[in-house]
Amino acid sequence: MMTFHRRIATQINIMGMELHAEQSDYAEMENVEISDTMLFYHVRGALKSAVEGDPDKYKQLVTVMGPDERLVPEKVALMVTCLKALSGSVSCLDIVHHQSLISSILKMSMWNYGTDVMDALMELVISLATFSGQYVDLCLEMLVSNFMPPDSFISLLNQSRGILRKGQVIDHVHKTLIFIAELVPLSPLRLERIITERMPHIFTKEPLILIYVENMLKLESGEIGDRVGRTMLLAVMDRLIDLDVDIAWDDILQEDFTKGIFDMELEDLEGPVDVGQQDGDELRISWMERYFSGNLNAQKLDSLMVLTFEHLNFCKESGRLRQVFDTLLQSFQLTVLTAYKSKFAQFVLFYACSLDPENCGRRFADTLFHKFKTSRYPEWRMSAVAYLASYLARAKFLPISFVAEYLESLLEWCSIYCSNQSGGINPKAHKEFYAACQAMMYVLCFRMRSVLAVPHIRSRISKHIEDILRHPLSPLMVCLPSIVEEFLRLAKVTRLDVPDNFVSSNLLESELSMAFGGRERLDMFFPFDPCLLMRSDRFIRPNFVYWSMVRSSYDNDEDDNEGTSDEDEIEICTAGKGMNIANDGAARSYDQDLDEFDNEMSKMSITPKVAQWFGGELRTDMQMPSRIRPCPDSL
């Protein structure tokens, strides 16, 4: 290409005549000096000539700003000088007459240039955005487009040169966004829209979507985070859900209803549950690789969740976690709770709670219980209590007093419900009640020993359990048999007064259980079952209660109490038959601000996805995490 510098060296009218010198002539031009001021005036002249109908000089200027695979030093120097000249000439730019020049500039990818070009380009972008409102969106779109590198650069992202360039680009982009936000106060609102509209879809290459989300999280924690941070977090959570629900369980879902959920969590073990940690980790990794190595969206979700976990760690260290958790909690209620196929995204909330159990952990439980009690949609209530049960059972960071507090509240709700009912078994009419009873039993399967070890806690919860289990609604006949069986077995081990004919083995599903859960099997919905994402697991595992940890301790007790046959059959607890235990208890109160969210939700003219769970056409799409073949979590 005949470069612009050569025209400067051979003619006073820089934009006019052609130059026939070859590339090698650069050596002869080293002593030719063209001042920035002179070039500034010639750039202005080129812009003016385009408006007056003489496009030749203008076209040469457009050529300089155009892409070029051969970025020789002279070309770079000329580009930098022209960009600086344009920065001082924005008043001469016309969005109509100079559309091709503006388009060429705003299509420039900073990933292809060094810091000198980046500096000059960002200076021009700031000048454009602050000169006229008609350029603001164009400049913001240009900056957002530089969130991701061109495809040709992807292979360099793992190399030192690529890592350095990535840092330089991100730094320039965010400094420019901050500068524009300070000078154009409404620009953050426009930026939010542009970022969310341009967010990569789930089939985008993993390195690109990761860099894009990394930029979003940087904005959330940056200087304009108070204006755009909430939108960034909500959008990231939405994308996690999109990836989550796209991951199909078809290849690993097992339709073996003869196995209880507790058995299935252990069934892939090839040795004793206390096998060494190193061997166990290798077995677990092997299991995960078997099912997810070929699933690109599972790998993307895993990487994005790790990025989100690291961001939450940063927020905790900077004292912002509670503020960020407000947004996460809102996102959970709007999208995660209502997503009937969510399998992993909810662990973002779990991990955030593990970082601050006293505040975030309690607020999460409060929200779930409040949603269970007050939501206008039965399916949301069932989902909320399933989340609460799974959370209380699996969160190792929750003290036993915390778990007992919510158990008491849940049991009291069930007891009051029973006192207002006079009929018998009806799974479809009393879905919420059976969901709550099953939640109570599920939590106790994991926490019974520690809960009952405290005398005053044992005393307070026992009366409610007796009243509930002896009620004509007969929850033990309706709830998932595998949970009922394990609950009764452990009740016997912990020396609750359970009749001998109450305990059995090999209880399978019942028609009543399936009627309560529906074809979507909400009776088998335990959202915090072991996380199966390989990289995310290391964040969750230290704070997670695995069933093998619980089962092994009870098995030791059973070995000491073998006086009772394991093959005793039981009679399911109906009216007049039950546990001979007593109690007192008190209800809890919950923050009024939760009511405000439900009021807003009730005003929304939307049909929740979960409304289709019962009797709808989406039955086969319901998440059933407890029915998958789980990894050997005890390791």
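All residue numbers refer to positions in the sequence shown, counting from 1. These figures come from a predicted structure and were not determined experimentally.
The ring-ring contact (aromatic ring centres under 6.0 Å, His included) contacts involving residues 181-221 comprise F147-Y212, where partners must be two or more places apart or lie in separate chains.
Using cut-offs of 30° and 60° for the angle between ring planes, the F309 and Y351 rings count as tilted. Taking the six-membered ring for Trp and thresholds of 30 and 60 degrees, F528 and F350 have ring planes inclined between 30 and 60 degrees apart.
Judged by distance alone, with hydrogens and angles left aside, the side-chain atoms of T335 form no donor-acceptor pair with the main-chain N or O of F332 at under 3.5 Å. With hydrogens and angles ignored, the 3.5 Å screen pairs no side-chain donor or acceptor of S390 with any backbone N or O of Y387.
You'll find the side chain of V385 stays beyond 4.5 Å of the side chain of L368, heavy atoms only. At least one side-chain heavy atom of E123 sits under 4.5 Å from a side-chain heavy atom of K84.
Figure legend: cation-pi geometry between R381 and F372, with NZ or CZ positioned under 6.0 Å from the six-membered ring centre and within 45° of its axis.
Using modelled atom types and a 3.5 Å distance limit, the side chains of D366 and Y406 yield a donor-acceptor pair. A donor atom on one side chain and an acceptor atom on the other are not found under 3.5 Å apart for E408 and H464.
K300 and E206 are not joined by a salt bridge, as no carboxylate oxygen comes within less than 4.0 angstrom of a charged side-chain nitrogen. Look at R535 and D302 and you find no salt bridge, because none of the NZ, NE, NH1 or NH2 atoms lies under 4.0 Å from a carboxylate O. Checked for salt-bridge contact, E405 and R362 meet the test: a charged N lies under 4.0 Å from a carboxylate O.
In this structure, the ring of F347 has its center no less than 6.0 angstrom from the ring center of F539.
In this structure D356 satisfies the side chain to side chain contact (heavy atoms under 4.5 Å, CB included) test together with L321, R322, E358, N359, C360, sequence neighbours excluded.
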